Amino acid sequence: ASHPPAIAATLLKPGGTLIYAEHTLSRFPVAAWLQRFLTPLWRLCAGGCCLDRDSIAMIARAGFHVSSTQAYRREGWTLVPVYFGLATLE
């Protein structure tokens, strides 16, 4: 896979730490619906960026154990909720 967490997994040794700051799919259903609705246009205007990717789940699927995740500022009504944290390559 060519998404950033999968690329990071090829660069780190097992036990290596990934420090991340990612915007991700909202946990709030109405905001998540808006993200999915707007993503096709957003991708065209923002160089392929996707509002509706579940970035934290992508990190886990790439073979990382997500040990901490914290919302940056607001988590509620925003189209680009940002989270940061640590993940260890298993």
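As the structure is a computational prediction, the values presented were derived from the model and not from experiment. Residue numbers count from 1 along this sequence.
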Inset, instruction - Show the numbers, then the answer: is there a side chain to side chain contact (heavy atoms under 4.5 Å, CB included) between Leu18 and Leu89? - result: CA-CA 8 Å; Leu18 174 68; Leu89 185 61; over 6 Å; no

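- The side-chain heavy atoms of Tyr83 and Ile56, taken from C-beta on, include a pair separated by under 4.5 Å.
- Taking each heavy atom of Ser26 and Pro81 in turn, the nearest pair found is CA-CG, 3.9 Å.
- Minimum interatomic distance between Leu51 and His23 (heavy atoms only, all atoms of both residues): CA-CE1, 4.3 Å.
- Nearest approach of Ala87 to Phe64, heavy atoms of both residues: CB-CB, 3.8 Å.
- In this structure, Leu86 shares a hydrophobic cluster with Ile19, the cluster being traced through Ile, Leu, Val, Met, Phe, Trp and Tyr side chains under 4.5 angstrom apart.
- For Ser67, the side-chain hydrogen bond (donor to acceptor under 3.5 Å, both in side chains) criterion is met by no residue, not counting sequence neighbours.
- The side chain to side chain donor-acceptor pair (under 3.5 Å) pairs that include a residue from residues 32-45 are Thr39-Asp52, where partners are two or more places apart or lie in different chains.
- In this structure, the separation between NE2 on His65 and CD1 on Ile59 is 12.5 Å, given to the nearest 0.5 Å.
- Hydrophobic clustering of Ile, Leu, Val, Met, Phe, Trp and Tyr side chains at less than 4.5 Å, counting indirect connections, keeps Met58 apart from Ile7.
- Judged as a side-chain contact (heavy atoms from CB on, under 4.5 Å), and not counting sequence neighbours, the contacts of Phe84 are Ala21, Gln70, Tyr72.
- For Ser55, the side-chain contact (heavy atoms from CB on, under 4.5 Å) partners at least two apart in sequence or on another chain are Glu22, Thr24, Arg53.
- The minimum heavy-atom distance linking Ala31 with Leu79 is given by the pair O-CD2, 4.0 Å.
- By the criterion of side-chain heavy atoms lying less than 4.5 angstrom apart, applied directly or through intervening Ile, Leu, Val, Met, Phe, Trp or Tyr residues, Leu38 is grouped together with Val30 in one hydrophobic cluster.
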